Every structure is written in C-alpha cells, then in structure tokens.
Asks: 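Okay, here's the structure, questions in a sec.
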Amino acid sequence: MELKQMAPSIHILWLLSIQFLVLVNGGKIPAIIVFGDSSVDSGNNNYIPTVARSNFQPYGRDFNGGRPTGRFSNGKITTDFISETFGLKPAIPAYLDPSYSISDFATGVTFASAATGYDNSTSNVLSVIPLWKQLEYYKNYQKKLRAYLGDRKANGVISGALYLISVGTNDFLENYYAIPGRSSEYTIEEYESFLVGIAASFTEKLYELGARKISLGGLPPMGCMPLERTGNLMGGSECVDSFNNLAADFNGKLNALVIKQNKKFHGMQMVFSDPYGILMKIIQKPTVYGFDVTAVACCATGMFEMGYACSRRNPFTCSNADKFVFWDSFHPTQKTCSIIATYIVQNALAKFLSH
C-alpha cells in the first residue's frame, strides 16, 4: 500500500500499529545515532564558528512552543519523527549541545553538521564538521557510553542501535556546481563514484566500530528545491531536470553499494532509505497531502532565502507552514519531514521494528 493512497484515518491507524509493534517487542532499537548534513543536524553548528546556522527565529517557531534549536525547519526534522516512531525520544539532541549529557545521548544523538558532505572539500566551504570528524565524535561517544553504562550494556546499545546517514546534496549543489575545484578534477560521473567510495569507507568504519543496523539515505529531487527553481529562469522556474536526474542516478549507485556491503560484511543489515520518490510525489500532487505551495518556500520571499537570510522580521514569511512543502529555499517544512519519515519507516526501516 503506497503512502499516497493512504487516507488520513488509515495513515493514523498505520502509525498506531507501528507503535503497537514497538510496545510488543519492547523497543528492539535501543538508540538512534545520526550522521550527515542539515537534513539531520539538530544544532551542532550552533557550537562551531560557521555562518551555516539556524538557531534564531523564525526557525523553530513550531518546535516546542517556538524554540529555535539549530534545525533547518519550522519544527521537527525527519530523524526526530523516526526516533519517536521507534518509541524513543521525540527529538534527537545534538552531540555538541552542552545542555545534554551522555544519559540523554544513550538513546539518541546526532553528530550531523549543516552544509557538510561526503567530500572534505564540501565541509571546507562554510567551515563545518566533515564526515571524518563526525566519526571521531562518535568514537568519543562510545567511550562515554561505556563509562556510563559499562562495557556489556554499552556494547548492546552500539550493536543494537539504528544508524541513520543523510548527506550528499551539498557535495553537488554547494561544491561541484557552485565553486571551481572538483569540477575541474572530475567529470560528474567520476565525482559520483568518488563520493560513493567515501560512503563505502564510512559505512565500513561504522561496521568495524560495532554498527550493524545502518540506513544509508539517498538524495531528494534537488532540482525541485525553491533555490534551484528560482535560478531556472529559462525554464520558467520549473524543477531543474538535470539535477533531479543526477540525484536519481546517484541514488542508484548508493543502493548498489548497500547491496554490495551487505554481502561483504557478516551480520550487516544496511538498508537504502530513499526520500526521492515520496518528495517528488508531494511536489507533483501537493493537494493529495494537504499542501498548497511547492515552488516557493514559507520563509521570506521563499525564492532564495535560508539561514541568516530568513529574518524573523521579513513581512513575506508565511503564517501557516503546513501549507508549504518547503520551509526555506533548501529545506522541507516539519509537515513534509513527517510524511517523509513515515514513508521511510514503512518502506526501509520497518524490518528493524521487530528484529
């Protein structure tokens, strides 16, 4: 049963059945551990010197009474909804946030950093946390977890946790196509292979550190982001097909990697979580999902603003973000994130609810 065919009442029943499974199985996933970019960063960039931040209004205006956290959304992001669905905390904390401790991180933590990528040169663009550094933070987390829980319990959390990886969009839109460098070194096909190689190395290192249940996230239809549509003047501000085709091609390569890694590493249960199809359905048939606006975002004029350009004083910012697919020119609204999360749990992560 596809999500687009689910009536609201059926959708609610499905969510309730998921929660029942969690209760019956006693919550088989002890923690959710996250790596990636702004799609899954809940505030790590607040604590590093970078302009890639969102810890100010109107960001977070629908999060726990209007608290900007560093999430690039009006409220929760996809990983928050996934955590809640698995019977864990309703919002995943950022590792660098000093208001949290290892007792909070024991059931969920994100090491993600907005504006990062697989490629180290992508993280250098806005001086954010590269993927290798996120892995170093994770190693440090393991030490803290063992000190907190003891080796046996900590090892159980490490091997039983669900690891979510969501990264890659910035490698193309903020690096390869935006600044000179990689585009002179690699053809786009070569660059895709270069990034897939980094993804393979990263998941292998996670496996060596004890991870077994891994979700490798794909790219969204990048050409339909308001920022790209705004720049597509010759194309009538429609989606940029070349970027969408690139995302679909790259996703195919990531999916092939998942199949290969599962065969290579004993006990690995890696899945490919693909947001492309569901987001494209939302964009193509917004009224089915209760949306009115797809081409521009809620924040400011909705055409090119994100980060500091999303001023709380901008008179154009929409009053009801639930009617918009995108919150700023790059990131989806809380409502969109909720739909994507439900789809990903249903189509990629459901196997982990009972194992």
Side-chain angles (χ1 to χ4, degrees), residues 36-41 51-52 54 59 72-74 77-78 114-119 121-122 125-126 128 166-183 187-189 191-192 195 217-252 254 274-286 289 291-310 314 316-318 321 324-333 336-337 339-340:
D37 55 23
S38 59
S39 61
V40 291
D41 181 4
V51 297
S54 60
Y59 286 97
F72 280 79
S73 171
N74 59 303
I77 53 179
T78 305
T116 201
Y118 284 113
D119 187 351
S121 71
T122 302
V125 174
L126 293 178
V128 297
S166 178
V167 67
T169 304
N170 297 313
D171 290 306
F172 297 105
L173 298 186
E174 303 302 308
N175 186 354
Y176 190 89
Y177 287 110
I179 58 176
R182 290 306 194 196
S183 57
T187 65
I188 189 59
E189 291 81 9
Y191 191 59
E192 285 182 73
L195 297 180
L219 303 186
M222 304 184 296
C224 289
M225 293 173 173
L227 183 67
E228 305 310 323
R229 294 179 73 154
T230 298
N232 189 23
L233 298 176
M234 296 298 289
S237 296
E238 292 299 314
C239 295
V240 182
D241 288 339
S242 59
F243 283 157
N244 285 349
N245 293 337
L246 171 60
D249 186 63
F250 187 66
N251 286 349
L254 289 179
D274 188 2
Y276 186 101
I278 183 61
L279 189 50
M280 186 61 90
K281 288 175 184 175
I282 293 170
I283 291 165
Q284 291 173 339
K285 295 185 177 180
Y289 301 90
F291 295 104
D292 292 339
V293 186
T294 61
V296 297
C298 171
C299 173
T301 67
M303 295 189 291
F304 57 85
E305 297 92 349
M306 60 180 161
Y308 285 110
C310 279
N314 193 293
F316 297 107
T317 297
C318 77
F324 286 70
V325 175
F326 291 94
W327 165 249
D328 64 16
S329 65
F330 216 78
H331 304 97
T333 57
T336 306
C337 287
I339 296 170
I340 293 171

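For the numbers below, each heavy atom of this structure counts, side chains included, while hydrogens, waters and symmetry mates do not. Since the model is a prediction, treat every value here as computed from it, not as a measurement.
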Asks: What closest approach, in Å, do A52 and V128 show between heavy atoms, and which atom pair accounts for it?
Replies: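 Looks like CB-CG1, 4.1 Å.
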Asks: Is there a disulfide between C299 and C318 in this structure (defined here as SG atoms under 2.5 Å apart)?
Replies: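 No.
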Asks: Can you check whether D119's main-chain N or O pairs, donor with acceptor, with D171's side chain at less than 3.5 Å?
Replies: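 Judged by distance alone, yes, a pair lies under 3.5 Å.
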Asks: Quick one: closest heavy-atom pair of N244 and G223, and the distance?
Replies: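 Minimum heavy-atom separation between N244 and G223: OD1-N, 2.7 Å.
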Asks: Working note: H331 + S39, criterion side-chain contact (heavy atoms from CB on, under 4.5 Å); need CA distance, chi angles, decisive distance, verdict.
Replies: CA-CA 7 Å; H331 304 97; S39 61; 5.8 Å; no
Asks: Under 4.5 Å between any side-chain heavy atoms of V51 and L126, yes or no?
Replies: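 Yes - at least one pair of side-chain heavy atoms lies under 4.5 Å apart.
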Asks: About how many Å separate CG of N245 and CE of M222, when rounded to the nearest 0.5 Å?
Replies: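 Going from the CE atom of M222 to the CG atom of N245 covers 10.0 Å.
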Asks: With the side chain counted from C-beta on, respond yes when L173 and M225 share a heavy-atom pair under 4.5 Å apart, and no when they do not.
Replies: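 Counting from C-beta outward, L173 and M225 do come under 4.5 Å.
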Asks: Rounded to the nearest 0.5 Å, what separation is found between the CG atom of L219 and the CZ atom of F250?
Replies: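 CZ of F250 is found 5.5 Å from CG of L219.
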Asks: Kindly give the heavy-atom pair with the smallest separation between P220 and L279, and that separation in Å.
Replies: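 Result for this residue pair: CB-CD2, 3.8 Å.
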Asks: Would you call the rings of Y59 and F72 parallel, tilted or perpendicular if under 30° counts as parallel and over 60° as perpendicular?
Replies: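 Perpendicular.
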Asks: Judged by atom type as modelled, is there a donor-acceptor pair below 3.5 Å linking the side chain of S329 to the main-chain atoms of G302?
Replies: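 Answer holds: no.
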Asks: Determine yes or no for a side-chain-to-main-chain donor-acceptor pair under 3.5 angstrom, with Y176 supplying the side chain and I188 the backbone.
Replies: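 It does hold such a pair.
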Asks: Do you know the tightest heavy-atom contact between A309 and A300?
Replies: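 Of all heavy-atom pairs spanning A309 and A300, the closest is O-CB, 4.4 Å.
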Asks: Kindly indicate whether the side chain of F324, heavy atoms from C-beta on, has any atom under 4.5 Å from the side chain of N74.
Replies: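 No. Closest side-chain heavy atoms not under 4.5 Å.
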Asks: Heavy-atom count around F316 CZ within 6.0 Å, excluding the residue itself: above 12?
Replies: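 At most 12 heavy atoms, drawn from other residues, nucleotides or ligands, come within 6.0 Å of this atom.
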Asks: So D328 and E305, do their side chains get closer than 4.5 Å, heavy atoms only?
Replies: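 Sidechains of D328 and E305: no contact.
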Asks: Report the residue from L227, I283, T336, T294 that forms a side-chain contact (heavy atoms from CB on, under 4.5 Å) with F326.
Replies: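 Among the candidates, only I283 passes.
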Asks: Is there a side-chain contact between N175 and Y118, using heavy atoms and a 4.5 Å cut-off?
Replies: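 Sidechains of Y118 and N175: no contact.
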Asks: Going from CD1 on I282 to CD1 on I278, what distance comes out if it is rounded to the nearest 0.5 angstrom?
Replies: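 Result: 4.5 Å between the selected atoms.
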Asks: Ignoring hydrogens and angles, tell me if any N or O in the side chain of N232 forms a donor-acceptor pair with the backbone of E228 under 3.5 Å.
Replies: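 Judged by distance alone, no pair lies under 3.5 Å.
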Asks: Looking at CD1 of I340 and OG1 of T78, how far apart are the two atoms once the value is rounded to the nearest 0.5 Å?
Replies: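 Answer rounded to 0.5 Å: 5.0 Å.
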Asks: Out of the candidates N170, V167, V125, only one should pair with T116 under the side-chain contact (heavy atoms from CB on, under 4.5 Å) rule; please name it.
Replies: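 Testing T116 for a side-chain contact (heavy atoms from CB on, under 4.5 Å) against N170, V167, V125 leaves exactly one candidate, V167.
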Asks: When you look at E192 and L246, which way does the side-chain contact (heavy atoms from CB on, under 4.5 Å) test go after all the steps?
Replies: CA-CA 9 Å; E192 285 182 73; L246 171 60; 3.5 Å; yes
Asks: Any non-hydrogen side-chain atom of V325 less than 4.5 Å from a side-chain atom of P332?
Replies: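 No, their side chains stay 4.5 Å or more apart.
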Asks: If I compare all heavy atoms of S73 with all of I77, which pair ends up nearest, and what's the gap?
Replies: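 That closest heavy-atom pairing would be CB-CG2, 3.9 Å.
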Asks: Are any non-hydrogen side-chain atoms of S166 and D37 less than 4.5 angstrom apart?
Replies: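 The answer is yes, as the side chains (C-beta and beyond) meet within the 4.5 Å cut-off.
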